[in-house]
There are 2 protein chains.
Amino acid sequence: MIEMSDHDHSFCIDRVLADAKAVCAEKGVRLTDQRQSVLRVLAASHVPSSAYDILNQLNKERKEKGETMLAPVSIYRALEFLIQHGIIHRIESRNAYVACNEGPDARHRHGEATIFLLCDKCGRAAEFQSESLGGLIETIAGKVKFSPNAPVMEIRGLCEECQKLEGNG
Amino acid sequence: MIEMSDHDHSFCIDRVLADAKAVCAEKGVRLTDQRQSVLRVLAASHVPSSAYDILNQLNKERKEKGETMLAPVSIYRALEFLIQHGIIHRIESRNAYVACNEGPDARHRHGEATIFLLCDKCGRAAEFQSESLGGLIETIAGKVKFSPNAPVMEIRGLCEECQKLEGNG
DNA sequence: CAGCGATGTGATACAATATAACAAGTCCGA
DNA sequence: TCGGACTTGTTATATTGTATCACATCGCTG
């Protein structure tokens, strides 16, 4: 596995939610319950989730509480909001979404790039920030006068654990 | 192009095809042109491809040659055959297929990365190959013992022309 | 040339992804 | 508290991707 599996996810969740609240407060937008719950599901997992993964998870919880079910569009609306405010990323190559998990300042640093290492076998993801990568990208983009947004790189391959399994099989 | 990559996949393809021919000869089954072409597409990529990726690639080639288009089922039939004889793997979690590449370090040798600069406004794309970016990625991935395939980076932003228009409008 | 495996063709099943259109509810400042 | 903007609910449907069935035809090989 790419990341430690034995850490307590509640820490990640709390940090992500706190970070999101700060961002929304600063921008004067509303982090509603529904948006929060979508974010919480994403933050609880280091594997990118599809919109329908989130939908099923939330509806499962709601069913247990006897609440009404959500429709897909509710998830997409929340996702759209969270992406718009830089609180989550969309993994284009997978139609999946992940919470930014690098701490409150990562997003605001300039010239950094986000890297996702995506395991093709088990689906797990690890996120990194790299200044040198960001710099390199700016150099490349600068040569063709391209103005990059916060760059996100998706690298596919095999995580440590799956490489071991590959050796056996 | 900023940097040209001199890596030629023909080596990988030749080896995979040769292996497949040997396997089929040994088993007395036929590695037909169509099966070979599906295998070639898989072997040409270090990233797992979906059945429809393969279909589109082959049909693109066929279109250029003025040949008739293939239907999805043709691809599935070839895939089924190749899987059956252990020539390719199916990546269950991805609905994707990949050629068995017995050369253990093939994946690490390339050291190249592909970068797409995608304009959010006009949709244009520019593609680059970068060795230095590839090296940087290997460094980062190496820290967590992640084994990257040929990485593809998608950078969204504004191209030169659209930046100018943005200024005006 | 007969038989069988391979391929072509068209239809369709099924799931995942995503959005449209409109109604209803909720929040917040004036 | 009123009005408007934002948010959510509801229903329906578009779009794409994944996969298989049924049957006709081709073409290699014995």
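Naming: A, B, ... by sequence-line order, numbering from 1 per chain. The structure presented is a predicted model; accordingly, all values stated were derived computationally and were not measured.
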Holding to side chain to side chain donor-acceptor pair (under 3.5 Å), I want the full list of residues that pass it with Asn95(A), two or more places apart in sequence or in another chain.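 Here the qualifying residues are Arg90(A).
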
Mind checking the OG-CZ spacing from Ser37(B) to Arg62(B)? Nearest 0.5 Å is all I need.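 Answer rounded to 0.5 Å: 7.0 Å.
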
By side chain to side chain contact (heavy atoms under 4.5 Å, CB included) - contacts of Val73(A) (at least two apart):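 Val73(A) satisfies side chain to side chain contact (heavy atoms under 4.5 Å, CB included) with Ala71(A), Arg77(A) only.
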
For nucleotides 7-19 of chain C, 5' to 3', base contacts (B), sugar-phosphate-only contacts (S) and non-contacts (-) with protein non-hydrogen atoms under 4.0 Å give BBBB------BBB

With sequence neighbours excluded, give me every side-chain hydrogen bond (donor to acceptor under 3.5 Å, both in side chains) pair touching residues 48-59 of chain A.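 The answer is Ser50(A)-Asp53(A), Gln57(A)-Glu61(A).
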
If I take atom CZ in residue Arg30(A) and atom P in nucleotide dG25(C), what distance separates them, rounded to the nearest angstrom?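 To the nearest whole Å, that distance equals 16 Å.
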
Taking every non-hydrogen atom, the tightest pair across Gln84(B) and Lys27(B):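 Closest approach of Gln84(B) to Lys27(B): O-NZ, 4.4 Å.
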
Identify the two heavy atoms, one from Leu31(A) and one from Ala20(A), that lie closest to each other, and give their separation to 0.1 Å.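 Between these two residues, the closest heavy atoms are CD2-CB, 3.9 Å.
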
Strictly distance-based, threshold 3.5 Å: is any side-chain N or O of Thr139(A) a donor or acceptor partner for the main-chain N or O of Gly135(A)?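 Yes, the answer is positive, given that a donor and an acceptor are paired below the 3.5 Å cut-off.
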
Along DNA chain D, 5' to 3', what are the outermost nucleotides having an atom less than 4.0 Å from a heavy atom of chain A?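 The footprint of chain A covers dT7(D) to dT11(D).
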
Counterpart residues, ring-ring contact (aromatic ring centres under 6.0 Å, His included), relative to Tyr76(A) (two or more places apart):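 Testing Tyr76(A) for ring-ring contact (aromatic ring centres under 6.0 Å, His included), a comparison that skips the adjacent residues, returns none.
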
